[in-house]
Structures are given as structure tokens and as C-alpha cells.
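Structure, as C-alpha cells:
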Number of protein chains: 2
Amino acid sequence: MKCKSYYHFFEVIANKTRFKIIESLMCGPLNVGQICLATKEEQSKISHNLKVLSGCNVVDVKKDGKLRIYSLNKETVEPMLRLVEKHVQTYCEGNCGLK
Amino acid sequence: MKCKSYYHFFEVIANKTRFKIIESLMCGPLNVGQICLATKEEQSKISHNLKVLSGCNVVDVKKDGKLRIYSLNKETVEPMLRLVEKHVQTYCEGNCGLK
DNA sequence: ATTTCATATGATATAGTTTTCATATGTTAT
DNA sequence: ATAACATATGAAAACTATATCATATGAAAT
């Protein structure tokens, strides 16, 4: 397994705002304005962070007029969250030292 | 799936030094001095980062005299790295925008 | 009991990331 | 062509994480 720079992938997910974006996209694609509403975050903040997420294909964009619709790459993200959930359940009663 | 604070788990892995530690433990348990050699990093840096890793059970410690032997929780880490590897192969030719 | 070795810890300095604010770009409607 | 709207972008400010250095702790050997 070659993984010399895989930690960069985790950096992308390891952020509160980006994680909220991911959660908001769990139920289906949304445009930027809708993501702002769902996350209660500012537009430019969301845009900056969407760029990071799409930069490594954690989310996908497509244009629709003046809207940009973002969708989650569930194939990678969902199993990854399932692994974390299992880890927390198995190894950490309560909060695992996680803040 | 409840995942409100799961991003903290990713923060733990999303770091160059800690990732090097994880890699060094891939082949089996090591004590702190051995991890320093394997990673070519300073002892106190390693200790600080080992604390973060063990804080959420990504690694496990046991004492042996004055040595402390760390081992990797492969059950969570390995499948997670496999997911990233697959992601990179599938969605990113070259480097995926990852640094 | 003292020295030596292995590791941990605390405080500060340093580096890096994230947000913010102002503005730019691109699209549709008028 | 201009206005209105949605989103993106750049630069600076604000924030957070990390490394470093000095020192502390604990265990074994002398």
C-alpha cells in the first residue's frame, strides 16, 4: 500500500465547516445557497471550503444556469464514516478523548 | 448515522508526523526510540503526537520496563487507508489536487 | 542513593489554516 | 446594455495547531 501523502485526503475532511457541508449533502445534492442555509454559514466561507472538497473529489459540481449544484461522493465518504462510527463504538465509551 | 463530532477523528490522522508514525507501526509494534529512528523525528515531537494518537485509540501502548511499546489499531486504520487508496485511484489521476 | 536511560510534559514560539471582507466573475432577466 | 442574482476569489486578519526547548518523571543499573 503506497500511502505517502494520503494524509492530505484526511486534512480535507478534518474540518468542522467541511464536515457540516458533507453532512448537509448526505440527503442529496444542493446548490451553494442551500448549503449556506443548511449549515448556517456564510456564503464565501462555504465557497472556499467547497473548493477544498471538490479539489479532491469528495464532492462533485455541476452547473445549472447561475446555480452550482454540489453532490457528495458517497462511495468514499459513507464507508469512511461508518468505519469511524464503528471505531468510536468499539474503542471509546463516551467520547474517546475526542473533543 | 450520528456523526456530529466525527471530524475530530480525522483531525487525529490528518497530520504529517502522525501519519509517519502510523506508517512506521504498520509492520508491527515499536517503542518510542524506534519510532524516532523510523520516522527521523525528534523524541518530544513523537511523544506529543503519540499522545494524540493514543488519546483516541488509533494506537495502543503497553509498558515494558522503561520502554513504552506502541502498536497500531489496524482494525480501523487499514481499511480506512484502503478506502483512500481506492479513492485516489478512481477519482484522481496523478495527484487529485492533493499536495 | 546516584547516575543513566527512555519517555512525557509544559510553555512559548512558530507555522499553518480558516474566516472575513471587499470585490470580481458569470448568468439570466429586463 | 444594465441590473439583479449566485457564486468565486484574493488578501489580510484572526485563529488554531504544531514544533521546539527546557525540564520533569519514572525505571533500571551501579
Side-chain angles (χ1 to χ4, degrees), chain A residues 5-25 28-72 96-99, chain B residues 5-25 28-72 96-99:
Chain A
S5 73
Y6 289 175
Y7 77 94
H8 289 302
F9 181 90
F10 294 105
E11 287 181 329
V12 170
I13 302 186
N15 171 280
K16 193 175 192 173
T17 305
R18 292 194 287 275
F19 208 78
K20 280 172 84 175
I21 292 173
I22 288 172
E23 287 182 295
S24 78
L25 294 174
L30 297 173
N31 65 49
V32 177
Q34 292 172 320
I35 296 171
C36 292
L37 283 173
T39 59
K40 291 173 186 134
E41 298 284 355
E42 272 235 86
Q43 182 268 314
S44 89
K45 185 173 173 179
I46 291 299
S47 283
H48 279 297
N49 281 290
L50 279 170
K51 193 177 187 185
V52 176
L53 287 168
S54 63
C56 77
N57 295 282
V58 169
V59 302
D60 193 48
V61 211
K62 67 172 199 251
K63 284 189 180 178
D64 171 22
K66 57 184 169 186
L67 302 176
R68 297 214 184 171
I69 295 169
Y70 285 85
S71 56
L72 187 62
C96 183
L98 298 174
K99 300 164 219 165
Chain B
S5 73
Y6 290 174
Y7 77 94
H8 289 302
F9 182 89
F10 294 106
E11 287 181 330
V12 170
I13 302 186
N15 170 280
K16 193 175 192 174
T17 305
R18 291 194 287 276
F19 208 79
K20 282 172 83 175
I21 292 173
I22 288 171
E23 288 182 294
S24 77
L25 294 175
L30 295 173
N31 65 51
V32 177
Q34 293 171 320
I35 296 171
C36 292
L37 283 172
T39 58
K40 291 173 186 134
E41 298 284 354
E42 273 234 87
Q43 182 267 314
S44 89
K45 186 173 172 179
I46 291 298
S47 283
H48 279 298
N49 281 291
L50 279 170
K51 194 176 187 185
V52 176
L53 287 167
S54 63
C56 78
N57 296 282
V58 169
V59 301
D60 193 48
V61 211
K62 67 170 199 253
K63 284 188 181 179
D64 171 22
K66 56 185 170 185
L67 302 176
R68 296 214 184 172
I69 295 169
Y70 285 85
S71 56
L72 187 63
C96 183
L98 298 175
K99 299 166 222 165

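Chain identifiers are assigned alphabetically (A, B, ...) following the order of the sequence lines, protein sequences preceding nucleic acid strands; residue numbering begins at 1 within each chain. Note that the structure is a prediction, hence the values are computed from the model and not measured.
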To the nearest Å, give me how far apart [atom1] ([X]) and [atom2] ([N]) are.
| X | N | atom1 | atom2 | result |
| --- | --- | --- | --- | --- |
| A/E11 | C/dT17 | CD | P | 6 Å |
| B/E42 | D/dT18 | CD | P | 17 Å |
| A/K16 | D/dA17 | NZ | C1' | 16 Å |
| A/N15 | D/dA17 | CG | C1' | 13 Å |
| A/F19 | C/dT18 | CZ | C1' | 18 Å |
| A/L53 | C/dT17 | CG | P | 15 Å |
| A/K40 | C/dT19 | NZ | P | 17 Å |
| B/K62 | C/dA6 | NZ | P | 19 Å |

* Contact class for B/K63 vs. all strands (heavy atom < 4.0 Å): base, sugar-phosphate, or nothing? ->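 No contact.
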* Please round to the nearest 0.5 Å and tell me the distance separating atom OG of B/S47 and atom CD of B/E41. =>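 Interatomic distance, B/S47 OG to B/E41 CD, rounded to 0.5 Å: 12.5 Å.
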* Structure fact -> Under a 4.0 Å heavy-atom criterion, the protein footprint on nucleotides 7-12 of chain C, written with B, S and -, is BBBB--
* **Heavy-atom pair with the smallest gap, counting every atom of A/L53 and A/I21** => CD1-CG2, 3.7 Å
* Which of parallel (below 30°), tilted (30 to 60°) and perpendicular (above 60°) describes A/F10 and B/F10? ->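 Aromatic pair A/F10/B/F10 classed parallel.
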* Decide yes or no for A/I13 and B/Y7: does some side-chain heavy atom of the first lie under 4.5 Å from some side-chain heavy atom of the second? =>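 SC-SC contact between A/I13 and B/Y7 ruled out.
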* To do: Sequence neighbours left out, what passes side chain to side chain donor-acceptor pair (under 3.5 Å) with B/S44? Give chain and number order.
  =>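 Residues passing side chain to side chain donor-acceptor pair (under 3.5 Å) with B/S44: none at all.
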* Just by modelled atom types, is the B/V61 backbone N or O under 3.5 Å from a matching donor or acceptor in the B/R68 side chain? ->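 Answer holds: no.
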* Most 5' of A/G65 and A/A14 on DNA chain C, judged by nearest nucleotide ->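 Result: A/A14.
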* To do: Please identify each residue that fulfils side chain to side chain contact (heavy atoms under 4.5 Å, CB included) with A/L67, with sequence neighbours left out.
  =>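 Per chain and number, A/L67 pairs via side chain to side chain contact (heavy atoms under 4.5 Å, CB included) with A/N31, A/D64.
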* Are B/N49 and D/dA17 close enough that a side-chain N or O sits under 4.0 Å from OP1 or OP2? -> no
